[in-house]
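Basis for what follows: all heavy atoms, side chains included, without hydrogens, waters or symmetry-related copies. If you're wondering where the values come from, they're calculated on a predicted model, not measured in any experiment. One-based numbering, in listed order, for ligands and for the atoms of each.
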Amino acid sequence: MRVAALVLAAGRGERFGAPVPKAFLSLGGRPLVVRAIEALAARPEIERIVPVLPAADLARWNALARDFAGARKLAEAVAGGAQRQDSMRAGLATLPADLEWVAVHDAARPLLRAEQVGRVLDAAARTGAALLAVPVRDTLKRVDAGRITATLDRSETWAAQTPQVFRISLLRAALAKADADGFIGTDEAQLVERLGVPVAVAEGDVRNLKITWPEDLELAEAIWRQRG
Ligand code: C5P
C-alpha cells in the first residue's frame with residue numbers, strides 16, 4: 001500500500017483564540033503539526049506527507065527546523081483555503097500519480113499513534129475507504145432554539161476522527177460531486193458517503209482528540225507526559 005498523507009493545518013483556530021496559529025501551538029515542545037506528521041511518518045506505507053497551512057504561515061513553516069522524525073517524507077507545504085474542504089482540495093491537487101491512497105489527517109490531532117494509523121490503513125485496504133471513529137459516550141440530542149427535538153440512538157452514534165483513508169481516485173470523484181452540488185462537508189468521509197460508497201470504521205482512540213479549545217491542549221499535554 002503506497003500512501004500519501006495530507007495534514008490539514010490551515011484552520012484559523014478561532015475557537016482556541018491563541019496569538020499563534022493553532023498548528024504552531026506546542027505539545028511537548030514541538031508544534032502540533034509536527035507531532036501529527038511524526039505519527040504518520042512512523043508508518044512505512046506513508047511515503048509522502050503534504051502539510052496544508054494558512055498562506056500567511058508558509059514562511060513560518062519553511063523556517064522551522066526539520067530535525068524531527070519523518071521530515072524526510074515531507075513534500076512542499078501548500079496553502080489551504082477558507083473551508084477545510086478547500087484545504088483538502090489544495091493538498092489533493094499536489095499528489096503524484098504513482099500513489100494510489102491518501103490519508104487525510106487533522107493537524108489538530110497530534111496524539112495520533114502509529115498503531116491507529118495501521119488499523120485505518122488495513123480497513124481501507126480491504127474496503128477502499130475507512131476512518132477512525134469511537135463510540136459516542138454521551139447521549140446526543142438534536143436541539144433547536146434551546147429545546148430538544150430528537151434523541152439520537154447512542155448505540156448507533158460514533159465520533160469520526162482522522163486519519164480518513166481513501167483510494168485517491170475515489171476521494172477525487174467524491175470531491176468533484178460535492179463541488180458540482182455546492183456541498184461542503186465537515187469531513188472527507190461525508191463526501192464519499194454522498195457517492196453511495198460505504199466507508200468502513202476502524203477502532204479509534206479517545207486520546208486521539210482534536211484540539212479545539214484551550215482545555216483540550218491541557219488534556220493533550222497530560223496525555224503526552226504520561227506517555228513518557
Ligand atoms: O475546523 P475543524 O475543527 O474542522 O479543523 C480540523 C482540521 O482542519 C484542523 O487541523 C484545521 O487546521 C484544518 N482546517 C484546514 N483548513 C480550513 C479549516 C480547517 O486545514 N479552512
> Would one find more than 12 heavy atoms of other residues, nucleotides or ligands at under 6.0 Å from atom CZ of R137?
Replying inline: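 Incorrect, the count does not exceed 12.
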> Should we say atom CZ of R207 is surrounded by more than 12 heavy atoms from elsewhere, each under 6.0 Å from it?
Replying inline: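 Count not over threshold, so no.
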>> Assess whether a salt bridge exists between R89 and D86, defined as any Lys/Arg side-chain N lying under 4.0 Å from an Asp/Glu carboxylate O.
In response: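 Yes, R89 and D86 are salt-bridged.
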Distances for all N or O pairs of ligand 1 and the protein under 3.5 Å?
residue, atom, partner, partner atom, Å
ligand 1, 3 (O), R15, NH2, 3.2
ligand 1, 3 (O), K210, NZ, 2.6
ligand 1, 10 (O), L8, O, 2.7
ligand 1, 10 (O), A107, N, 3.3
ligand 1, 10 (O), A108, N, 3.2
ligand 1, 12 (O), A10, N, 3.3
ligand 1, 12 (O), G11, N, 2.9
ligand 1, 14 (N), G11, N, 3.3
ligand 1, 16 (N), S87, OG, 2.6
ligand 1, 20 (O), A10, N, 2.8
ligand 1, 20 (O), S87, OG, 3.4
ligand 1, 21 (N), G81, O, 2.8
ligand 1, 21 (N), A82, O, 3.0
ligand 1, 21 (N), Q83, O, 3.3
ligand 1, 21 (N), R84, N, 3.4

> Can a cation-pi geometry be assigned to R194 and F183, taking NZ or CZ under 6.0 Å from the six-membered ring centre and within 45° of the ring axis?
Replying inline: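 Pair R194/F183 counts as cation-pi.
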>> Ring of W61, cation from R66 - is the NZ or CZ under 6.0 Å from the centre and inside 45° of the axis?
In response: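 That pair qualifies as a cation-pi contact.
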>> Show every side chain to side chain donor-acceptor pair (under 3.5 Å) that has at least one partner inside residues 72-83, sequence neighbours left out.
In response: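 Sorted pair list comes back empty.
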